[in-house]
2 protein chains.
Amino acid sequence: MEKFLALSDEKQTLIRNAALSCFSQHGYEKASINDIAKMAGISKASLFQYFGTKQNLYEYLVEHSSTQMKAVYQEQALYANADFFDRVQQAIIMKIDNLKKNPYIVAFIISVAKEPSIEISEHIKDLMQEGEKHLHDLMLRDADLVKFKHPEDAPLLFRTLMHIGYGIVDEIEGVSDFDRIVCEMENILKMLKYHFYKEEYLL
Amino acid sequence: MEKFLALSDEKQTLIRNAALSCFSQHGYEKASINDIAKMAGISKASLFQYFGTKQNLYEYLVEHSSTQMKAVYQEQALYANADFFDRVQQAIIMKIDNLKKNPYIVAFIISVAKEPSIEISEHIKDLMQEGEKHLHDLMLRDADLVKFKHPEDAPLLFRTLMHIGYGIVDEIEGVSDFDRIVCEMENILKMLKYHFYKEEYLL
DNA sequence: ATCACGAATAACCGATTCGGTCAATACAAA
DNA sequence: TTTGTATTGACCGAATCGGTTATTCGTGAT
């Protein structure tokens, strides 16, 4: 492991991304060290020099990815007091930003959660909790309800925004045009806000 | 091949589903005949008895799946004259219904489109076109625009509904509670219609 | 120029799995 | 019991698996 950490950051990232990509595409069993080495442009022997065993490499990736991910969560504390729509908008932008900056890590973590038989690592369980907490910050509050023309719409609109968020994140998938989709999402939220809020709350 | 078609329908389906599942999970190269045979509960030798080669089995699945899928498209002609929201609602319900009835086939076709190196089979290309045509039937028409409080909202609302559709379909993923999500989707569309349509068009 | 030393790899290991074959078995009809 | 067929366990050579080792390569000091 020290052997690997002594490499240049670029090379570390290159190797990590190759491994993350292979494992998330094929799963632990079907991903082979040969594939990873080839994709990283290094020899198989080097991989074993760095990590010892396949399982060791995988565990390193789990730990590194969840650490990285938690750091993102940390620096992304939501403004708890912001308006409902602003909170949702900020959350989706964060999600997209993260997806853009760490595509391999996001895909890998999702794949780890799908791994059969192997009990989900503690790190990943922690991550799930962290995600739950984030989601809770988005929830509707009483303070928001008064702004709605029809407050009884609010819960369903919240669900709607969740669907939109999932949909947008899902549609991205390798598309490089992040800015366009972020812009569209902002316009969608503005439009919905206009139709659902009372006039006096449209800033 | 005739050997396979002579089997009972239930056994055919059992074997097909096992193969569809393996291929869509692991891709052509990494899916093994052993896995498929084990999942289907038959011997590997039988699979070769039925299909001759791995590639033959795969090609049969592509053909069968696209045929099945086209049949679904055929019987699902959209009412061209219906109201905008009704068309969208009907389309999403169809999508969900199809996903519920043919989960293995849908997943397999998506995986075929992702297969690297192998040129996309003609059948699948046809399917894509069919899907495009379906989508075109959803498009906004001039007749719809007059119903909107703000006709300029319509294109963006259309995009919004697409996102919601993708989001909902994506969230389903094995969840058995189709009816609940269909119901929620209907409520969402009703709510949006209420806020975006002029009063006199709210039937 | 050469030596020394760590990093990288080509070549190799036994074991397993691959796609595919075939002879033996299980089974149903006659 | 015999015959024909559906199914499979056992097997094939080739490839690939995770992992090791002996050699080569690159570099910095002498």
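Quantities reported herein were computed from a predicted structural model and do not represent experimental measurements. So you know, we letter chains A, B, ... as the sequences are listed, proteins then strands, and number each from 1.
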Problem - Rounded distance (Å) that lies between atom P of D:dG18 and atom NE2 of A:His26 - result: 12 Å

Exercise for the section: Report the nucleotide, chosen from D:dG18, D:dT21, D:dT8, that has the shortest atom-to-atom distance to any side-chain atom of A:Ala45. Expected result: D:dT21

Completion exercise
When A:Ala31 and B:Gly41 are each assigned the nearest nucleotide of DNA chain D, the 5'-most assignment goes to B:Gly41

Exercise for the section: Examine distances only and state if a side-chain atom of A:Arg87 and a backbone atom of A:Met139 form a donor-acceptor pair shorter than 3.5 Å. Expected result: yes

Exercise for the section: Round to the nearest Å and state the distance from B:Ile42 atom CD1 to C:dA26 atom C1'. Expected result: 16 Å

Handout entry: B:Ile36 CD1 to C:dT17 C1', straight-line distance once rounded to whole Å
Key = 14 Å

Practice task
For this output row, return yes or no: ring centroids of A:Phe85 and A:Phe196 closer than 6.0 angstrom.
Solution key: no

Practice task
Answer yes or no: is there a side-chain heavy-atom contact under 4.5 Å between B:Lys95 and B:Leu99?
Solution key: no

Exercise for the section: Could you tell me whether B:Ala37 contacts a base, only the sugar-phosphate backbone, or nothing, with contacts defined as non-hydrogen atoms closer than 4.0 Å? Expected result: nothing

Handout entry: Interatomic distance where NZ belongs to B:Lys54 and P belongs to C:dT17 [whole Å]
Key = 15 Å

Exercise for the section: Could you tell me whether B:Phe51 contacts a base, only the sugar-phosphate backbone, or nothing, with contacts defined as non-hydrogen atoms closer than 4.0 Å? Expected result: nothing

Exercise for the section: Return the 5'-most residue of the pair B:Tyr28, A:Ser46 with respect to DNA chain C, ranking by each residue's nearest nucleotide. Expected result: A:Ser46

Practice task
Check whether any side-chain heavy atom of A:Asp153 lies under 4.5 Å from a side-chain heavy atom of B:His195, and answer yes or no.
Solution key: yes

Exercise for the section: Look at the side chain of A:Ser43 and decide which nucleotide, out of C:dG19, C:dG20, C:dT9, has an atom nearest to it. Expected result: C:dT9

Handout entry: Residues touching DNA chain C, which here means a heavy atom under 4.0 Å, drawn from residues 1-15 of chain B
Key = none

Exercise for the section: For D:dC17, take OP1 and OP2 only and decide whether either is under 4.0 Å from a side-chain N or O of A:Ser32. Expected result: yes

Handout entry: Euclidean distance, atom OH of residue A:Tyr58 to atom P of D:dG18 [Å, nearest integer]
Key = 14 Å

Problem - is_close_aromatic(B:His150, A:Tyr194), centroid dist under 6.0 Å - result: yes

Handout entry: Sub-4.5 Å side-chain heavy-atom contact between B:Lys54 and B:Tyr28
Key = yes

Handout entry: Donor-acceptor contact below 3.5 Å, side chain B:Lys193 vs main chain B:Asp86
Key = no

Practice task
Please report, rounded to the nearest Å, how far the P atom of D:dG9 is from the CG atom of B:Asn34.
Solution key: 12 Å

Practice task
Output yes when at least one side-chain N/O atom of B:Tyr50 is less than 4.0 Å from OP1 or OP2 of D:dT7, else no.
Solution key: yes

Problem - A:Gln49 or A:Lys30, whichever maps to the more 5' nucleotide of DNA chain D - result: A:Lys30

Problem - Separation of D:dC11 P from B:Phe48 CZ (nearest whole Å) - result: 18 Å

Exercise for the section: Answer yes or no: side-chain N or O of A:Lys44 and base N or O of D:dG19 forming a donor-acceptor pair under 3.5 Å. Expected result: yes

Completion exercise
Taken to the nearest whole Å, NZ/B:Lys38 to P/D:dT8 is 14 Å

Problem - Note, A:Lys147 side chain near A:Asp144 side chain (heavy atom, < 4.5 Å) - result: yes

